[in-house]
Amino acid sequence: MSKTKGSMEAEISKVLTQWEKDYLGRGSVSVKTDILRDMIIVNLLGVLTPAEHSLSKTKEGMLSIKRIRADLIESGKDGLIDIISSITGEEVKSFHTDVSTTTGERVMVFKLTANLEKKAAK
């Protein structure tokens with residue numbers, strides 16, 4: 001039986017929240033996942049600590065947070081790709097992410113080799 005689009009989106013949100021807690025030491029406040037054609041778009045709110053919010057008030061601080069957060073995610077990228085592949089059954093072609101030091105949110109985009117939205121059960 002194929003998974004529905006909604007069930008995959010919910011599972012990805014749940015598993016990525018747990019990954020954040022296990023790998024980064026804390027999770028986001030909320031997570032929303034959307035499957036759109038061959039992309040999985042994950043929006044994580046509240047990923048910055050209060051100290052990072054304070055540090056982001058200067059340009060140097062903002063760049064430092066972005067660099068450190070990018071390095072942390074990059075070091076765990078293989079685990080993230082494995083999670084997405086195991087939930088969707090599709091190969092991840094590329095992965096993109098950025099964190100906003102203004103809003104404290106992170107966006108992750110997983111590009112797949114196939115159109116998952118078409119393949120998902122209705």
Side-chain angles (χ1 to χ4, degrees):
M1 180 171 166
S2 294
K3 294 179 182 179
T4 65
K5 178 182 170 199
S7 69
M8 281 190 282
E9 290 168 340
E11 186 177 357
I12 290 167
S13 292
K14 181 181 173 189
V15 174
L16 286 187
T17 297
Q18 189 59 51
W19 178 87
E20 281 189 302
K21 289 178 182 176
D22 294 343
Y23 192 75
L24 300 174
R26 70 184 297 268
S28 56
V29 173
S30 72
V31 180
K32 174 71 173 110
T33 300
D34 293 294
I35 295 171
L36 178 65
R37 296 182 305 272
D38 64 342
M39 294 178 286
I40 297 172
I41 303 161
V42 185
N43 189 30
L44 305 107
L45 297 175
V47 299
L48 297 181
T49 66
E52 288 172 322
H53 275 291
S54 290
L55 188 60
S56 71
K57 290 181 169 69
T58 67
K59 184 172 181 170
E60 287 176 11
M62 178 196 67
L63 293 173
S64 175
I65 291 166
K66 283 184 167 282
R67 186 173 45 255
I68 290 168
R69 286 291 182 141
D71 289 347
L72 287 170
I73 297 296
E74 188 66 29
S75 70
K77 182 175 84 168
D78 292 342
L80 289 169
I81 288 171
D82 289 345
I83 288 168
I84 297 301
S85 294
S86 69
I87 292 171
T88 64
E90 297 296 334
E91 183 182 342
V92 176
K93 183 171 35 173
S94 62
F95 168 69
H96 312 274
T97 187
D98 193 22
V99 63
S100 169
T101 55
T102 304
T103 63
E105 71 181 327
R106 169 175 292 288
V107 175
M108 295 179 172
V109 179
F110 298 87
K111 285 280 287 174
L112 308 175
T113 56
N115 185 332
L116 184 60
E117 189 173 29
K118 276 188 179 176
K119 287 185 170 186
K122 300 292 179 211

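- A side chain to side chain contact (heavy atoms under 4.5 Å, CB included) with Leu48 holds for exactly one of Thr102, Thr103, Ile65; it is Ile65.
- Between the CD atom of Glu11 and the CD1 atom of Ile84 there is a distance of 9.5 Å, given to the nearest 0.5 Å.
- Between the side chain of Arg69 and the backbone N or O of Asp98, no donor-acceptor pair lies under 3.5 Å.
- Here the closest heavy-atom approach between residue Tyr23 and residue Ser75 is recorded as OH-OG, 2.6 Å.
- Between Met39 atom CE and Asp34 atom CG the span is 10.5 Å, to the nearest 0.5 Å.
- For the pair Lys77 and Glu74, the salt-bridge criterion is met [side-chain N within less than 4.0 Å of a carboxylate O].
- With hydrogens and angles disregarded, no donor-acceptor distance shorter than 3.5 Å links the side chain of Glu90 to the backbone of Thr113.
- Judged by distance alone, with hydrogens and angles left aside, the side-chain atoms of Ser56 form no donor-acceptor pair with the main-chain N or O of Gly61 at under 3.5 Å.
- Of the possible donor and acceptor atoms, one in the side chain of Lys3 sits under 3.5 Å from a partner among the backbone N and O of Ile87.
- At distances below 3.5 Å, not a single donor-acceptor pair connects side-chain atoms of Lys118 with backbone N or O atoms of Arg37.
- Put simply, the side chain of Ser64 never gets that close to the backbone of Glu60: no donor and acceptor are under 3.5 Å apart.
- For the side chain to side chain contact (heavy atoms under 4.5 Å, CB included) test with Glu20, the passing option among Asp22, Leu16, Leu24 is Leu24; the others fail.
- Taking each heavy atom of Met8 and Ala120 in turn, the nearest pair found is CE-CB, 3.7 Å.
- Side-chain contact between Leu80 and Ile73 is present, with heavy atoms from C-beta onward closer than 4.5 Å.
- Judged by distance alone, with hydrogens and angles left aside, the side-chain atoms of Glu105 form no donor-acceptor pair with the main-chain N or O of Leu45 at under 3.5 Å.
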